[in-house]
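See below for the structure under consideration.
By convention here, the first residue in the shown sequence is residue 1. All ligand and atom numbering here is 1-based and tracks the order in the structure.
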Amino acid sequence: MAWTAVILAAGKGTRMASQQPKALQKLAGRALIEHVLVTLSMSEIDDVVIIHPPETKEGFIEKIQTEIKTTFVEQKEALGTAHAVKTALPHVATENLLILLGDVPMLTKASVIKLKEELKNNQLVVLTASVEDPSGYGRIKKDQEGKPCAIIEELDCNDEQKKIKEINSGIMAFNTETAKNLIGKIEPNPKKNEYYLTDAIEIAYHEGIEATTYTTTENEVFGVNSKKDLAEAEKINRQKVTTELMDAGVTIIDPERVDVRGNLTCGKDVTIDVNAVFVGDVALGNGVTVGPFTIITDSEIGDATNVFSHSNIEGANIGSKCNIGPFARIRPETKLEEGARVGNFVETKKSVIGKGSKVNHLTYIGDAIIGRETNIGAGTITCNYDGVNKHQTVIGDNVFIGSGVELVAPIEIESGATVGAGSTISKHAPGEKLTIERAKQKTIDGWKRPTKKEEK
Ligand code: UD1
Ligand code: CA
């Protein structure tokens, strides 16, 4: 049976106090709505309709990459969740309809599958949760047989109803014809003058339509309405991700001080110290250690490599047994071969550092290819940019570059070459020889250090 998912993301989002639509606020580095789409992409949904606020289509398209066929529909005026669904209905051609909220991002595939299953014997299924503190959510009212007979919004609850702990996640599955019938009958809520989707439940009950609930965990249906909720969602998500990592054997010094904004995969015996942040797709090999205050983005790190504190690694391919940092900046397209070392205050970009080579202190390596067992002295700079174009530096195996050397690209330093400290090298340096470029040292006799002038 074919399914359309409608994601409601067009509310005013007043409580977020932002210029951005609520569904585009970020949780764990991704827009809230992207989380929903990731779940949908795993849940056999045929197409998606996104209901967005006026004049925000571009912003949504920019954020959303999904393989499911997606239609963007503007809700001209935020007249409530039922009105949002009504706006979507002309774009729903399938027999079944799943309604999701752009501000309920942590929904799992398991629950989507469960809702789909439950709908086989019903015309309407509401995803609910039993929560400690139900404030802010709609409460599920059930009859004596345990059938849902209404959802009462917080504002409309009497004191007794406020105590109900089973809440509406906002996520529902419908038979499409049933949804069309029910939505058409919803009247505006007298207090808010908005059309509430939640009213569909009471109407369905009176019409004898088969409806049921499926209950999941509180965390999964956490609704994000404000910046405070957003921080809370980060916390819930962090707890989930770090628990999964620790269950898989990763040592995390403090699970409250690690952020994973994307996908982190780890080998055995990985250790992650405090305040490490992982962005995008990061893969750590066996025995990798990640030091405190380190940021790793879209990179692969080989077995037994140590990343020391305060290092920033992006778009890099790091081999095994490497040592990086502290305070290293590894920029995109850097490749470190086995056993390479990049030390403190070193920046690398679009470069290869060969097996066993060392770049240990205060250096810039850009657009360079460095061979094996080469030593780059402190304060070396590859001058790769002439103000217009970038040029390459090629350094062979077993080269020794002294401290404070400038290598003006394009240039080649052959294998076995030695370059004397303080040189500005702009021509080819041959192998097995010392190349040095340095003004002659002189000492001036009789020179006096200036003294401070007397004030008159
Ligand atoms: C809603 C539910 C509440 C439920 C809670 C779960 C209603 C009336 N209330 O309350 O029962 O417990 O979600 O988180 O349904 N939206 C539109 N167009 C609109 C209004 C809203 O697209 O005109 C979208 C919003 O962008 C949001 C979602 O619908 O993504 C829910 O709207 P929101 O205003 O956040 O409803 P809640 O007060 O959280
Ligand atoms: Ca909400």
Side-chain angles (χ1 to χ4, degrees), residues 5-16 18 20-25 27 31-37 49-54 56-57 59-60 72-89 99-107 111 126-131 133-141 148 150-157 161-162 164-172 174 179 182-183 186-203 213 215-216 218-230 232-233:
V6 173
I7 308 177
L8 310 186
K12 292 196 199 86
T14 321
R15 290 165 282 180
M16 201 52 88
S18 168
Q20 285 263 343
K22 178 162 63 173
L24 299 184
Q25 303 286 328
L27 162 67
L32 295 174
I33 196 166
E34 278 183 274
H35 290 268
V36 177
L37 285 159
V49 178
I50 293 176
I51 305 297
H52 62 86
T56 57
K57 187 173 172 182
F60 274 83
F72 294 86
V73 181
E74 180 176 299
Q75 187 190 13
K76 292 204 163 53
E77 236 184 309
L79 297 176
T81 44
H83 181 264
V85 174
K86 195 176 181 180
T87 312
L89 284 174
I99 292 165
L100 303 147
L101 305 188
D103 64 351
V104 180
M106 288 179 279
L107 173 75
S111 289
V126 183
L127 183 66
T128 70
S130 279
V131 306
D133 173 16
S135 59
Y137 292 106
R139 315 294 206 276
I140 307 288
K141 187 177 162 191
I151 298 175
I152 311 152
E153 289 303 296
E154 170 115 343
L155 270 181
D156 302 315
C157 279
Q161 290 164 335
K162 275 196 179 141
I164 300 175
K165 300 254 179 183
E166 186 177 11
I167 59 103
N168 171 30
S169 71
I171 293 161
M172 299 180 193
F174 278 96
L182 294 173
I183 299 279
I186 294 173
E187 302 279 337
N189 175 286
K191 279 191 191 148
K192 295 275 281 195
N193 213 21
E194 282 184 8
Y195 296 84
Y196 283 180
L197 178 61
T198 44
D199 287 351
I201 313 309
E202 192 171 352
I203 301 170
T213 54
T215 306
T216 184
E218 173 166 13
N219 284 346
E220 188 181 340
V221 298
F222 184 80
V224 181
N225 294 312
S226 62
K227 290 285 160 65
K228 215 170 136 237
D229 292 341
L230 206 51
E232 184 64 27

> Can you name the ring pair (Phe, Tyr, Trp, His ring centres under 6.0 Å) partners of Phe72, sequence neighbours left out?
Replying inline: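 For Phe72 there are no ring pair (Phe, Tyr, Trp, His ring centres under 6.0 Å) partners, ignoring immediate neighbours.
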
> Taking only protein atoms, how many N, O or S atoms are found under 3.0 Å from the Ca ion (ligand 2)?
Replying inline: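 With waters ignored, the protein N/O/S count below 3.0 Å is 2.
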
Mind listing the side-chain donor-acceptor pairs of residues 77-86 below 3.5 Å, one per line with the distance, residues two or more places apart or on another chain?
unit_1, atom_1, unit_2, atom_2, d
Thr81, OG1, Leu197, N, 3.1
His83, ND1, Gln75, NE2, 2.8

>> Between Thr215 and Thr128, do the side chains contain a donor N or O and an acceptor N or O under 3.5 Å apart?
In response: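 Yes, side-chain donor-acceptor contact under 3.5 Å.
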
>> Under 4.0 Å between a side-chain nitrogen and a carboxylate oxygen: does that hold for Arg139 and Glu154?
In response: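 Salt bridge: yes.
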
> Rounded to the nearest 0.5 Å, how far does CG of Asp103 lie from CG of Leu8?
Replying inline: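 Leu8 CG to Asp103 CG: 9.0 Å, rounded to 0.5 Å.
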
> Taking everything shown except Lys141 itself, do over 12 heavy atoms lie less than 6.0 Å from its NZ?
Replying inline: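 Counting neighbours around NZ of Lys141, 12 or fewer heavy atoms of other residues, nucleotides or ligands fall under 6.0 Å, so no.
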
>> With a 6.0 Å cut-off (strictly less than), is the heavy-atom count around NZ of Lys227, excluding the residue itself, greater than 12?
In response: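 Result for NZ/Lys227: enclosed.
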
> Any side-chain heavy atom of Lys22 sitting closer than 4.5 Å to one from Lys12?
Replying inline: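 Counting from C-beta outward, Lys22 and Lys12 never come under 4.5 Å.
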
>> Looking at Asp229 and Asn225, would you say the former's side chain and the latter's main chain have a donor-acceptor pair under 3.5 Å?
In response: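 Flag set: sc Asp229 to bb Asn225 pair under 3.5 Å.
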
>> List the protein residues in contact with ligand 1, where contact means a heavy-atom separation under 4.0 angstrom.
In response: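 Only Leu8, Ala9, Ala10, Gly11, Arg15, Lys22, Gln75, Ala78, Leu79, Gly80, Thr81, Ala84, Leu101, Gly102, Asp103, Val104, Tyr137, Gly138, Glu153, Asn168, Ser169, Tyr196, Thr198, Asn225 have heavy atoms that fall under 4.0 Å of ligand 1, ordered by chain and number.
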
